[in-house]
Amino acid sequence: MFPLGASWSTRQSRLPDIMYMEVRVMKRIAVKDALQATSPLAQAEVRGWVRTRRDAKGFSFIELNDGSCLKNLQVVVDHAIPGAEGLAGMTTGAALAVSGELVASPGKGQSYELKAAAVRLVGPADPETYPLQKKRHSDEFLRTIAHLRPRTNKFGAIFRIRSEAAFAVHNYFREHGFHLLHAPILTGSDCEGAGEMFRVTTLDPLKGPYPKEAQAEDFFGREAYLTVSGQLEAEIFAQSLGKVYTFGPTFRAENSNTPKHAAEFWMIEPEMAFADLTDNMALAEGLLKSCIRHLREHCAEDLELFAKWVDPTLAATLDNIEGEPFVRLPYAEAVDILKKAKREFEFPVGFGLDLQTEHERFLTEEHFRKPVIVYDYPKEIKAFYMRLNDDGKTVAAMDVLVPRVGEIIGGSQREERLDVLTRRIEEMHLSLDSYWWYLDLRRFGTAPHAGFGMGFERFLMLATGVANIRDVIPFPRTPKHLEF
RNA sequence: UCCCCGGUAGCUCAAUCGGCAGAGCGGGUGACUGUUAAUCACUAGGUUCGCGGUUCAAGUCCGUGCCGGGGAGCCA
């Protein structure tokens with residue numbers, strides 16, 4: 001039994017940190033482990049936050065959650081034990097430390113519970129002003145208290161899943177021989193061509209506007225931005241380490257206000273040398289399937305919450321992704337299908353026109369009812385770096401479309417031929433000079449290569465059924481939103 | 001950026017034709033109970049988003065601004 005005095009939890013202890021940690025860790029167990037107990041435990045210590053308290057005559061039930069898992073540990077507090085006099089302050093949201101005996105529960109609903117021998121209120125939460133109730137809150141309201149929302153069941157589950165999903169991504173690439181590349185966040189390339197960029201400067205913008213020459217005074221002596229993609233850097237490393245991937249934050253200054261866009265989001269961008277579009281599609285499909293499988297194996301309890309409360313079709317959706325081969329559909333055939341569809345579209349369909357959201361959703365949600373990889377798009381609607389096909393009209397691009405989320409992955413085989421790439425850059429009136437190092441890759445040992453980008457948050461939306469990107473990222477950055 | 005919808009108690013919402021601003025949950029107090037989003041009783045709680053206008057009278061109608069949500073575009 002640990003002493004419950006003032007020195008019990010304070011770090012003022014004279015023990016060196018390492019010893020301190022050992023002393024602490026030995027006695028303390030996670031709620032997750034307590035709930036998975038198969039036999040009683042004479043001494044257990046749990047720390048966490050009160051979800052709810054139910055009082056009975058002579059004792060109280062406290063539901064304690066420490067974030068280690070979805071479920072709470074039921075703590076039974078006899079009103080006679082040390083610390084029980086502080087029970088009035090142990091309200092929803094309060095931080096608590098409890099020690100006692102882990103015993104089989106005589107009640108229904110849980111197999112084990114903690115019979116407290118001592119309890120201590122670590123940090124109170126005034127019930128009059130604590131914003132979280134025991135009952136359900138709207139996602140919109142919880143976004144306004146992003147500092148407290150991970151304490152709810154739903155957001156706790158989301159962010160445990162997010163953590164595990166990141167691990168699943170690394171795991172997949174590691175198992176397939178990829179190396180992790182830390183691509184730069186700051187970039188001098190204003191021509192990555194993937195949307196509006198955030199300008200980075202140490203010049204005081206309030207004192208501007210500055211003349212063009214003032215760039216020399218700026219931190220980098222030239223224009224600087226936050227990255228919109230690590231692809232160009234990944235291509236460099238693919239041409240040296242063979243197979244690489246980046247996994248980091250990405251920034252788009254696009255003024256888009258939708259449930260699928262954020263100004264700061266995380267993107268996974270693999271790039272492989274000696275690979276073509278077919279290899280690329282296989283990699284993308286394998287990544288999605290593998291990550292879904294990993295989550296279902298390691299986050300079953302958290303996923304169950306979403307299947308029950310957020311999206312009743314989630315299990316079927318995940319079965320579908322895991323079990324069904326993805327459809328591979330040339331763009332031209334996609335256009336044919338859409339033209340023949342017995343259905344009115346708001347936007348026109350035709351070769352050379354980009355597929356609209358309504359078209360993509362029709363293909364993946366209604367026509368095929370499974371993930372669809374559309375490939376070989378007309379070169380006019382795609383980026384300059386995508387490899388020109390032999391027909392001279394299309395490029396080796398691909399988009400992976402999934403139900404409800406839409407485009408989750410976009411990628412291509414890259415143009416490895418110096419002459420063709422040079423011509424494409426000129427055709428699109430881009431500056432050859434600023435791509436000198438990118439073109440160099442095609443001068444020295446150029447090789448076919450391919451890669452794609454996957455929005456991590458969009459993947460999480462797919463995996464959980466959560467409909468708004470702001471609810472799968474800890475602190476969403478969208479136009480006019482930079483709180484927390 | 002464009003289109004649509006919304007903003008009322010801490011939260012989720014109601015308020016008929018323009019006529020005294022309400023409920024559930026949450027909070028407080030008490031009762032009861034190996035309880036399970038406990039239950040029962042009582043109770044407190046309001047700048048109806050801001051500004052301007054119409055009217056005897058505005059939560060309600062008009063104008064405008066701000067904020068939120070959804071759809072579209074852009075994209076991952």
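In the text below, chain A, chain B and the rest are named by the order of the sequence lines, each starting its count at 1. Small disclaimer: the values here were computed from a predicted structure and weren't measured. Excluded from the calculations below are hydrogen atoms, water molecules and symmetry mates; all remaining heavy atoms, backbone and side chain alike, are included.
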Nearest-angstrom distance from the residue atom CZ of A/Phe61 to P of B/C32: 16 Å

Atom pair distance, as rounded to whole Å: CG in A/Leu142 and C1' in B/G69: 15 Å

B/A41 and B/U36, which share atom name C1', separated by this distance in whole Å: 22 Å

Touch class at under 4.0 angstrom, heavy-atom based, for A/Phe456 against every strand present: nothing

Value in whole Å for how far the C1' atom of B/C75 lies from CD1 of A/Ile381: 13 Å

Under 3.5 Å side-chain donor-acceptor pair for A/Asp139 and A/Asn468: no

Sugar-phosphate, base or nothing in reach of A/Pro106, heavy atoms under 4.0 Å: base

Sugar-phosphate, base or nothing in reach of A/Arg53, heavy atoms under 4.0 Å: nothing

Check: A/Tyr375 and A/Ser412 side chains under 4.5 Å, non-hydrogen atoms: no

Partner nucleotide, any strand, of B/A31 [Watson-Crick/G-U, under 3.5 Å]: B/U39

Counter-base of B/G24, judged by Watson-Crick or G-U geometry with both distances under 3.5 Å: B/C11

Sugar-phosphate, base or nothing in reach of A/Gln110, heavy atoms under 4.0 Å: base

Under-4.0 Å side-chain N/O to phosphate OP1/OP2 contact, A/Thr52 with B/A38: yes

Minimum-distance nucleotide (side-chain atoms of A/Asn468 versus B/C75, B/G69, B/U35): B/G69

Sugar-phosphate only, base, or nothing, as touched by A/Gly107 at under 4.0 Å among non-hydrogen atoms: base

Side-chain donor-acceptor contact under 3.5 Å, A/Glu164 with A/His294: yes

A/Phe362 and A/His367 aromatic ring geometry - parallel, tilted or perpendicular at 30°/60° bounds: tilted

Sugar-phosphate only, base, or nothing, as touched by A/Leu132 at under 4.0 Å among non-hydrogen atoms: nothing

Whole-Å gap separating P (B/C25) and CZ (A/Phe141): 18 Å

Check: A/Tyr172 ring centre within less than 6.0 Å of A/Phe178 ring centre: no

Whole-angstrom distance between B/C56 and B/C67, as gauged at atom C1': 34 Å

Phosphate-side-chain proximity, A/Arg361 and B/G71, N/O vs OP1/OP2 below 4.0 Å: no

Interatomic distance, A/Ile145 CD1 vs B/G10 C1' [rounded to whole Å]: 10 Å

Interatomic distance where CG belongs to A/Leu114 and C1' belongs to B/G34 [whole Å]: 16 Å

Side chain A/His137 and base B/C11 donor-acceptor under 3.5 Å: no

Under 4.0 angstrom between A/Arg252 side-chain N/O and B/C75 OP1 or OP2: no

Rounded P spacing from B/A44 to B/C17 in Å: 32 Å

No-H, no-angle donor-acceptor pair, A/Gln133 side chain to B/G10 base, under 3.5 Å: yes

Donor-acceptor pair present, A/Glu358 side chain and B/G71 base, under 3.5 Å: no

Sugar-phosphate only, base, or nothing, as touched by A/Arg143 at under 4.0 Å among non-hydrogen atoms: sugar-phosphate

5′-ward residue of the pair A/Pro479/A/Gln356 relative to RNA chain B: A/Pro479

Short side-chain donor-acceptor distance under 3.5 Å, A/Asn320 and A/Arg369: no

Base paired to B/U1 (Watson-Crick or G-U; both N/O distances under 3.5 angstrom): B/A72

Derivation of the side-chain contact (heavy atoms from CB on, under 4.5 Å) call for A/Glu457 and A/Arg162: CA-CA 9 Å; A/Glu457 284 76 18; A/Arg162 185 179 170 114; 3.0 Å; yes

Nearest-angstrom distance, C1' atom, B/A9 to B/G53: 28 Å

Nearest-Å distance once atom C1' is located in both B/C3 and B/G59: 26 Å

Whole-angstrom distance between B/G18 and B/C61, as gauged at atom P: 8 Å

Interatomic distance, A/Glu254 CD vs B/A72 P [rounded to whole Å]: 16 Å

Touch class at under 4.0 angstrom, heavy-atom based, for A/Ile409 against every strand present: sugar-phosphate

Spacing between A/Asn257 atom CG and B/G71 atom C1', to the nearest angstrom: 11 Å

Which residue lies more 5' along RNA chain B, comparing A/Ala467 with A/Leu355 via nearest heavy atoms: A/Ala467

Sugar-phosphate only, base, or nothing, as touched by A/Ser138 at under 4.0 Å among non-hydrogen atoms: sugar-phosphate

N/O (side chain, A/Lys480) to phosphate O (OP1/OP2, B/G68) under 4.0 Å: no

N/O (side chain, A/Thr258) to phosphate O (OP1/OP2, B/G71) under 4.0 Å: no

Residues A/Gln231 and A/Glu235: side-chain donor-acceptor under 3.5 angstrom: yes

Distance, P atom - from B/C42 to B/A37, rounded to whole angstrom: 25 Å

